Amino acid sequence: MNIERILEGLNESQRLAVRAPDCPVLVVAGPGTGKTLTIVRRIAYLLAKGARPEEIVAITFTNRAASELKERIRIFHGDLKGLFAGTFHLFGLRIIKDTWGDEFSILSREEQLEVIKGVSGSGRPSSIIERISRIKNLLDEPDDRIKKIMEDYQEALQKKRALDFDDIIIRAIDLLKDPSNQNRYRKTIKYIIVDEYQDINPLQYRLLKAFSIERIFAVGDPDQSIYSFRGANVKNFLDFEKEYPQAIRIVLDKNYRSQAFIVKASESLIEKNKERIPKKIVSIKKEGPPLRLVSVPDDRAEIEFIAHEIEKRLGGMSHYSLMRGLQAERGGYSLSDFAVLLRTNNQVFALETELKKTGIPCYVMGRVFSETLKEILSYIQENKDKPWELLLQELRERYRALNSLFDNYMPSSSDDLITWLKLTGPEEDRLEAEGVRLLTMHMSKGLEFRVVFIAGLEQGIIPLEAEDIEEERRLLYVAMTRAKEELFLIHARKRSLYGKTGAQKASLFLSEINNQCIEDIFIPDRPLKEKQMGLF
DNA sequence: AGACCTGTGTTTTTT
DNA sequence: ACACAGGTCT
């Protein structure tokens with residue numbers, strides 16, 4: 001492929017990154033600045049310069065990120081045999097399989113729980129698993145008690161010829177360090193591209209180091225580092241240039257995602273952090289409407305507000321959809337254009353229940369396949385009096401991805417459908433349902449929505465704790481920068497939390513946002529009468 | 001073994 | 001509020 005095509009449509013800093021020389025490269029990629037685009041073109045560039053696909057390894061953190069990357073490589077470059085694009089774990093697995101073959105298994109969460117129950121005397125099995133995982137990831141030191149449990153645990157795994165997820169990385173490091181493997185990997189792999197470099201933990205860092213490769217292309221954003229609780233260490237990112245003195249740094253600072261007010265507001269927030277690489281992200285879009293900072297009397301009003309704002313916009317849709325073709329320009333919305341972002345899963349589930357009562361279909365993101373399956377099952381149970389045909393139609397409407405699955409097959413009974421779903425495969429995204437997106441702020445990373453509501457912006461929720469206030473600030477920064485067009489920041493003056501109803505203070509972060517980007521909305525307390533009558 | 005009381009924590013999550 | 005582990009009593 002020629003260089004002109006590879007650089008086509010890229011801005012100046014993206015071009016610099018794509019054409020960077022064969023030295024360590026650190027790409028600081030702010031939100032919405034074309035990070036994946038840059039990686040895709042960088043790979044194309046390396047290939048154009050004569051690299052072979054099997055010399056390039058591109059590592060991501062999640063399967064979602066990996067499949068997005070692969071898909072975009074495929075679109076731009078066509079299928080590339082030999083190029084690795086996948087997670088740390090998949091990469092580790094490949095190395096282990098090269099040496100051991102397929103004679104081992106990966107422990108599922110359930111199996112892991114069983115093994116732990118067998119070897120530990122007391123304590124919650126799930127917390128013991130967590131503790132072991134932290135130790136394996138070099139985040140914690142074992143005491144004598146846990147040492148003993150770990151020994152028994154590993155012995156049980158050995159018997160089963162099984163590895164847990166952390167073992168995959170640990171074994172891969174051992175194999176890479178083994179002198180007999182040096183030629184096999186260290187010499188054949190010439191380029192490593194690491195996505196979300198700010199999120200790597202000490203164990204993953206060791207894996208990268210085991211290659212002793214200088215041609216590392218690290219992409220990430222320290223301002224979006226939100227996983228320190230699982231060992232992600234921004235220091236790796238901030239120290240990159242100390243570690244590789246010949247490294248070059250490129251900052252991608254043009255945001256193509258969000259309208260200018262959203263970028264400006266989120267920048268004003270993140271600037272309050274001290275530990276960061278200074279950068280200034282600018283939007284290439286128009287200002288757009290100001291952010292709405294909404295004060296509501298209580299959690300119930302919060303839901304009513306969100307429901308009302310969504311309905312207002314969807315109302316527009318039914319009107320405009322009568323005039324086909326105009327929908328996009330006139331701002332016709334679909335349910336999945338809206339997202340409500342929350343700090344904790346508790347809030348997500350509470351909101352799901354309440355928002356559904358207002359008649360707005362919701363889709364909780366990140367819910368695993370088996371839970372979605374349970375949902376379908378219970379829906380069938382609840383509605384088993386309805387004719388099967390009708391029920392099926394409703395399930396399609398609800399789970400829109402079922403449509404494409406049904407193209408070649410029409411189940412004739414509920415049993416049939418369920419067994420069939422299991423056989424068709426557990427790819428949860430295929431069951432993605434139509435509905436307003438509900439998710440945690442953490443889960444929102446990497447996603448974008450036209451209209452975003454961030455709810456529960458109160459002290460004790462975000463920031464949840466006083467310690468590591470900078471990470472909490474980054475989390476809100478990530479959440480805010482998901483919005484493309486409109487952003488609502490909502491806080492309740494009163495809320496029930498852990499069974500207690502009490503007064504809430506607005507998050508201190510709200511006062512840190514540049515108020516030139518903000519329009520205040522104040523919803524007054526309910527009239528006393530309504531309160532007493534306990535409407536709804 | 002099963003009922004019942006009591007203390008405790010209670011984010012965020014991937015593979 | 002609520003789940004869950006662990007102890008105690010029957």
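Fair warning: this is a prediction, and the values are worked out from it, not measured in the lab. Chain A is the first sequence line, chain B the second, and so forth, proteins listed ahead of strands; every chain is numbered from 1.
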With heavy-atom distances below 4.5 Å as the criterion, would you say the side chains of A/Q154 and A/L157 are in contact?
yes
Given atom [atom1] of [X] and atom [atom2] of [N], what is their separation to the nearest angstrom?
{"X": "A/R134", "N": "B/dT13", "atom1": "CZ", "atom2": "C1'", "answer": "12 Å"}
{"X": "A/D199", "N": "B/dT15", "atom1": "CG", "atom2": "P", "answer": "13 Å"}
{"X": "A/E196", "N": "B/dT13", "atom1": "CD", "atom2": "P", "answer": "15 Å"}
{"X": "A/L113", "N": "C/dA5", "atom1": "CG", "atom2": "P", "answer": "10 Å"}
{"X": "A/M441", "N": "B/dT12", "atom1": "CE", "atom2": "C1'", "answer": "11 Å"}
{"X": "A/D468", "N": "B/dT12", "atom1": "CG", "atom2": "C1'", "answer": "12 Å"}
{"X": "A/E470", "N": "B/dT12", "atom1": "CD", "atom2": "P", "answer": "22 Å"}
{"X": "A/Y477", "N": "B/dT12", "atom1": "OH", "atom2": "C1'", "answer": "19 Å"}

Does OP1 or OP2 of [N] have a side-chain N or O of [X] closer than 4.0 Å?
{"X": "A/N63", "N": "B/dT15", "value": "yes"}
{"X": "A/N345", "N": "B/dT12", "value": "yes"}
{"X": "A/N201", "N": "B/dT14", "value": "no"}

What does A/M443 touch in the nucleic acid at a heavy-atom separation under 4.0 angstrom: a base, only the sugar-phosphate, or nothing?
sugar-phosphate
Closest to the A/L464 side chain: B/dT15, B/dT11, B/dT13?
B/dT11
Closest to the A/R343 side chain: B/dT15, B/dT13, B/dT11?
B/dT11
Supply the atom-to-atom distance A/E434 CD to A/S336 OG, rounded to the nearest 0.5 angstrom.
5.0 Å
d(A/T38 OG1, A/I43 CD1) to nearest 0.5 Å is 11.0 Å
ring centroid sep under 5.5 Å plus plane angle under 30, A/Y227 with B/dT13
no
Specify the residues of residues 496-510 of chain A, ordered by number, for which at least one heavy atom lies under 4.0 angstrom from an atom of DNA chain C.
A/Y498, A/G499
Looking only at atom types and distance, does a side-chain atom of A/K445 sit under 3.5 Å from a main-chain N or O of A/Q224, one as donor and one as acceptor?
yes
Between A/N233 and A/Y205, is the side chain to side chain donor-acceptor pair (under 3.5 Å) condition met? List the steps.
CA-CA 10 Å; A/N233 196 345; A/Y205 180 77; over 6 Å; no
Span that lies between the C1' atom of C/dC2 and that of B/dT13, in whole angstrom
22 Å
Among residues two or more places apart or on two chains, list those pairs meeting ring-ring contact (aromatic ring centres under 6.0 Å, His included) that have a residue in residues 443-466 of chain A.
A/F453-A/F488
Do you know the tightest heavy-atom contact between A/L342 and A/V348?
CD1-CA, 3.6 Å
